[in-house]
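Below is one structure; the comments refer to it alone.
Note that this is a predicted model, so its numbers are computed, not measured.
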Amino acid sequence: MTSYNTDGTVGPWAREKLELLRRYLEAYTTILRSKNFQDFYFVDAFAGAGSAPLRNLEDDKNGIEQFGLDIAAFRLGDDDEIAYVKGSPRVALEIKHPFTKYIFIEKDAGRSSELVQIANEHALSDRVEILNGDANTELTRRLLSGAVNWRRNRGIVFLDPFGLQVPWDTISRIAETKALEIIVNFPVGMAIQRLLPKHGQFSDDQRSKLTAYLGSPEWESLLYQEAPDLFGEVKRSKVDASGDKLAMWYRDKIKSAFGHATFPRLITNQQGSHLYYLIHAGPKDLGVKIASDVLFKGRPIIR
């Protein structure tokens with residue numbers, strides 16, 4: 001869980017994301033434990049630390065109990081209290097039927113050291129591997145270059161970066177295993193929209209960065225339109241509901257690569273502003289059916 005603010009905190013909406021993750025992992029391991037696979041992996045590509053301070057506690061205090069996550073309050077002084085939310089590594093380690101293999105990848109040395117300490121103190125320490133490095137490099141080296149026989153193993157890769165750290169090439173290589181599922185944070189509001197100005201003018205570097213992340217130059221014609229203004233001069237502008245359109249387009253690309261994908265589940269902040277979408281994809285229809293139930297339980301699916 002690396003969707004940190006610059007001060008190392010996470011927003012209250014992180015609880016929602018982590019509870020959705022927990023629910024799916026519980027369902028996944030309940031099914032996989034009865035299957036005849038050598039191992040089933042949980043891979044957290046942006047694992048972060050074991051816990052993170054929760055922002056806006058006072059504004060969100062009434063909602064803390066609605067999710068099944070442990071939120072611990074630590075007294076700092078007479079007037080200061082901070083709540084900490086368990087990160088995705090702890091959530092994954094504490095499910096009812098654990099994975100047989102855990103791989104936590106974290107680029108920051110301090111957070112990686114904290115993960116090592118957590119793993120060493122946990123009952124499942126012999127199942128945990130901590131990799132300190134770039135997520136794409138470590139995913140490729142450890143999982144996508146023949147080191148694991150994916151005919152005999154299965155797994156889930158949780159991709160929860162803060163920005164555009166997961167290029168399409170990594171997504172595509174994960175899909176090629178035909179054995180790994182993904183849950184991906186598609187950061188439309190938190191990162192992508194900041195790179196999409198209303199006027200639609202891009203440098204070559206900006207355009208190249210977005211294309212590498214999204215996997216195709218088609219995003220530009222999808223999100224921008226040209227029309228003459230009152231003086232007959234052709235002007236470029238961003239289309240309405242650009243975030244929703246981009247999320248659905250990206251979901252369709254993921255579905256094409258993996259075979260099956262959920263519709264995007266929008267996560268918002270306390271004011272209702274769009275932050276990011278969660279998308280699950282995998283090689284089996286059953287996994288996506290379960291993920292859809294988890295992501296949209298009690299909510300309409302927006303297609």
Side-chain angles (χ1 to χ4, degrees), residues 1-6 8 10 14 17-18 20-21 24-25 39-52 86-93 99 101-116 118-119 127-148 150 153-177 179-188 190-192 195 208-215 250 253-254 257-258 267 275-282:
M1 183 189 72
T2 309
S3 297
Y4 292 106
N5 196 29
T6 54
V10 296
K17 171 179 61 181
L18 290 169
L20 293 170
L21 174 67
Y24 185 71
L25 297 186
D39 284 302
F40 45 106
Y41 289 71
F42 175 72
V43 184
D44 197 335
F46 299 86
S51 60
K86 288 184 179 182
S88 46
R90 288 186 185 271
V91 169
L93 285 167
F99 287 80
K101 298 284 187 182
Y102 290 87
I103 296 178
F104 299 143
I105 304 172
E106 174 53 46
K107 188 174 184 179
D108 181 84
R111 292 173 185 159
S112 182
S113 296
E114 184 175 340
L115 289 171
V116 171
I118 291 169
R127 304 186 185 188
V128 180
E129 183 177 356
I130 311 295
L131 304 178
N132 180 209
D134 173 76
N136 299 287
T137 301
E138 296 301 328
L139 281 171
T140 299
R141 179 186 67 81
R142 182 63 181 82
L143 298 170
L144 306 177
S145 297
V148 178
W150 290 115
N153 298 275
R154 292 294 184 267
I156 298 175
V157 182
F158 184 44
L159 298 168
D160 185 28
F162 187 76
L164 309 188
Q165 292 92 346
V166 184
W168 180 257
D169 180 64
T170 296
I171 300 289
S172 179
R173 294 194 67 178
I174 294 172
E176 287 171 1
T177 67
L180 287 170
E181 301 178 9
I182 62 169
I183 299 174
V184 60
N185 172 338
F186 187 60
V188 172
M190 296 185 74
I192 298 175
L195 302 177
S208 177
K209 181 178 181 179
L210 284 163
T211 297
Y213 175 75
L214 296 168
Y250 189 75
K253 279 181 60 63
I254 284 182
F258 281 86
I267 303 294
L275 296 176
Y276 51 83
Y277 295 86
L278 293 177
I279 303 171
H280 170 280

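Of the possible polar contacts, none joining the Arg173 side chain to the Thr140 backbone as a donor-acceptor pair under 3.5 Å is found. With Trp168 contributing its side chain and Thr211 its backbone, the two residues share no donor-acceptor pair below 3.5 Å. Under the 3.5 Å distance criterion, the side-chain polar atoms of Asp44 are left unmatched by any main-chain donor or acceptor of Ile105. Listed for the Glu106 side chain is a donor-acceptor partner under 3.5 Å among the backbone atoms of Gly48. Although no hydrogens or angles enter the test, the distance criterion places no donor-acceptor pair under 3.5 Å between the side chain of Tyr24 and the main chain of Ile183. Side chain of Asp169 to main chain of Ala212: no donor-acceptor pair is present (N/O by atom type, distance under 3.5 Å, no hydrogens or angles).
With rounding to the nearest 0.5 angstrom, the CD1 atom of Ile174 is 6.0 Å from the CD1 atom of Ile182. Note that CD of Glu138 and CG of Leu143 are 9.5 Å apart. Values are rounded to the nearest 0.5 Å.
Leu25 is not listed as a side-chain neighbour of Phe158, based on a closest heavy-atom distance of 4.5 Å or more. Glu181 has its side chain within reach of His280: a pair of non-hydrogen atoms, C-beta onward, lies under 4.5 Å apart. Between Arg142 and Glu129 the shortest side-chain heavy-atom distance falls below 4.5 Å.
Scanning all heavy atoms of the two residues, the minimum distance from Leu18 to Gly87 falls at CD2-C, 4.2 Å.
Between Phe186 and the choices Ile254, Ile267, Ile192, Leu278, the side chain to side chain contact (heavy atoms under 4.5 Å, CB included) rule is met once, by Ile192.
Applying the 6.0 Å contact sphere to NZ of Lys253 captures more than 12 heavy atoms from other residues, nucleotides or ligands.
Contacts of Asn153 classified as side-chain hydrogen bond (donor to acceptor under 3.5 Å, both in side chains), with partners at least two apart in sequence or in another chain: none.
Using cut-offs of 30° and 60° on the angle between ring planes, the pair Tyr102 and Phe104 is tilted.
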